[in-house]
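Reminder, nothing fancy here: chain letters follow the sequence lines and each chain counts from 1.
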2 protein chains.
Amino acid sequence: MNTTKKIIDNLRKKGYRITSQREKILEIFLHLPDEYHLSAEDLQIILLQNNVKISLATLYRTLKFLASNGLLRELDFGEDHKHYEYNSANKPHHHLICLSCGLTTEFNDEKLLNCAKDAALNLSNFQVLDYQFKIFGLCANCQGKIKA
Amino acid sequence: MNTTKKIIDNLRKKGYRITSQREKILEIFLHLPDEYHLSAEDLQIILLQNNVKISLATLYRTLKFLASNGLLRELDFGEDHKHYEYNSANKPHHHLICLSCGLTTEFNDEKLLNCAKDAALNLSNFQVLDYQFKIFGLCANCQGKIKA
DNA sequence: TTTCGTGCAAACCATTTGCAGCAGC
DNA sequence: GCTGCTGCAAATGGTTTGCACGAAA
């Protein structure tokens, strides 16, 4: 059984209905390269490119639905809209955010993640479910621009 | 010369005008306990409690102004509004966010910060200006509620 | 006196919501 | 057939903006 099927089966077991809209949106996230984090608008564009018409209301509702079921991770890059990425356990989900052009790239650092896990263990009275690390600065391109 | 005076002097040197509104808002952040991160609404309430009337427009403009001059740090806790805290170099600025009640508390972990610094150093082609670590989960109170 | 900053009200824009109809099961 | 999900359009709410006036330097 492939990933999509497994996920859908799981949602059905929880009592949710599987509509074509939910399936299409899920598929898009599953087939997205690791480094992508879509905004609602990005997602709408991709859907249109695939000739899929889903209302904005449903799109937002589905994003919230998938996120609340742990399938998507909600991200905030300091912009006025949210981004979403597929929430796989082994996917890196730490980000470099360029304060000049807004470019957001992923990074992963074994040591840092281990430190984070240790730190999380030491938190008393707090049950850790997820963590995110954000580094703000200037990307290679923008460093050049500002120097010039 | 105290901190406020120093900061104001610095802003004036940059060519900005020092208005009573900017001074009042800056003072509030300087006198805030470390663990506070105000939303625009919080700030408005504090201003009113101090009998200071500042329009919402100016309030937002001043927050942006102070943040763009490195005096405030802009924070995102996954809510629909931003939070701000005074941007002191030695202030911890990493957060535990309760996914159930939204309670946000600060934490600091020497080891984790050192790891973060190391990780930042290893980033090629990226000039690090700031970083934030967020841990999502359930606070002591909400763990109880959910178990019950 | 010259700008810059402020207040007001209207505009913006991402996201949410009420409701009627349709689709999953 | 029951009920949850969708689409539409209107509402919401935090934040931004145009403009005329007031204040900093």
Considering only side-chain heavy atoms of [X], which listed nucleotide, [options], is closest?
{"X": "B:R61", "options": "D:dT17, D:dT15, D:dT6", "answer": "D:dT17"}
{"X": "B:R17", "options": "D:dA9, C:dC19, D:dA23", "answer": "D:dA23"}
{"X": "A:T19", "options": "C:dG7, C:dT15, C:dG24", "answer": "C:dG24"}
{"X": "A:H81", "options": "C:dG7, C:dT17, C:dT15", "answer": "C:dT15"}

Are OP1 or OP2 of [N] and a side-chain N or O of [X] less than 4.0 angstrom apart?
{"X": "A:T58", "N": "D:dG7", "result": "yes"}
{"X": "A:Y60", "N": "C:dT16", "result": "no"}
{"X": "B:Q21", "N": "C:dG7", "result": "yes"}
{"X": "B:K64", "N": "D:dT16", "result": "yes"}

What is the separation between atom [atom1] on [X] and atom [atom2] on [N], rounded to the nearest whole Å?
{"X": "B:L56", "N": "C:dG5", "atom1": "CG", "atom2": "C1'", "value": "16 Å"}
{"X": "A:L11", "N": "D:dG4", "atom1": "CG", "atom2": "P", "value": "16 Å"}
{"X": "A:E79", "N": "C:dT15", "atom1": "CD", "atom2": "P", "value": "11 Å"}
{"X": "A:K14", "N": "D:dC5", "atom1": "NZ", "atom2": "P", "value": "13 Å"}
{"X": "A:D80", "N": "D:dT16", "atom1": "CG", "atom2": "C1'", "value": "11 Å"}
{"X": "B:F65", "N": "C:dC4", "atom1": "CZ", "atom2": "C1'", "value": "11 Å"}
{"X": "B:L59", "N": "D:dT16", "atom1": "CG", "atom2": "C1'", "value": "13 Å"}

| task | Select from B:G15 and B:A57 the residue whose nearest nucleotide in DNA chain C is closer to the 5' end of that strand. | result |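 The residue whose closest nucleotide sits nearer the 5' end is B:G15.
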Which part of the nucleic acid does [X] contact within heavy-atom distance under 4.0 Å: base, sugar-phosphate only, or nothing?
{"X": "A:R22", "value": "sugar-phosphate"}
{"X": "B:E41", "value": "nothing"}
{"X": "B:R12", "value": "sugar-phosphate"}

| request: Take the SG atom of A:C115, take the SG atom of B:C115, and say whether they are under 2.5 Å apart. | output: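 Yes.
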Side chain [X], main chain [Y], donor-acceptor under 3.5 Å:
{"X": "B:H83", "Y": "B:H37", "value": "yes"}
{"X": "B:Q143", "Y": "B:L138", "value": "yes"}
{"X": "A:R22", "Y": "A:R17", "value": "yes"}

| said: Let's go through B:F65 and B:Y16 carefully: what are the C-alpha distance in whole Å and the side-chain angles of both, what is the deciding distance for ring-ring contact (aromatic ring centres under 6.0 Å, His included) to 0.1 Å, and is it a yes or a no? | reply: CA-CA 10 Å; B:F65 168 75; B:Y16 298 115; 4.9 Å; yes
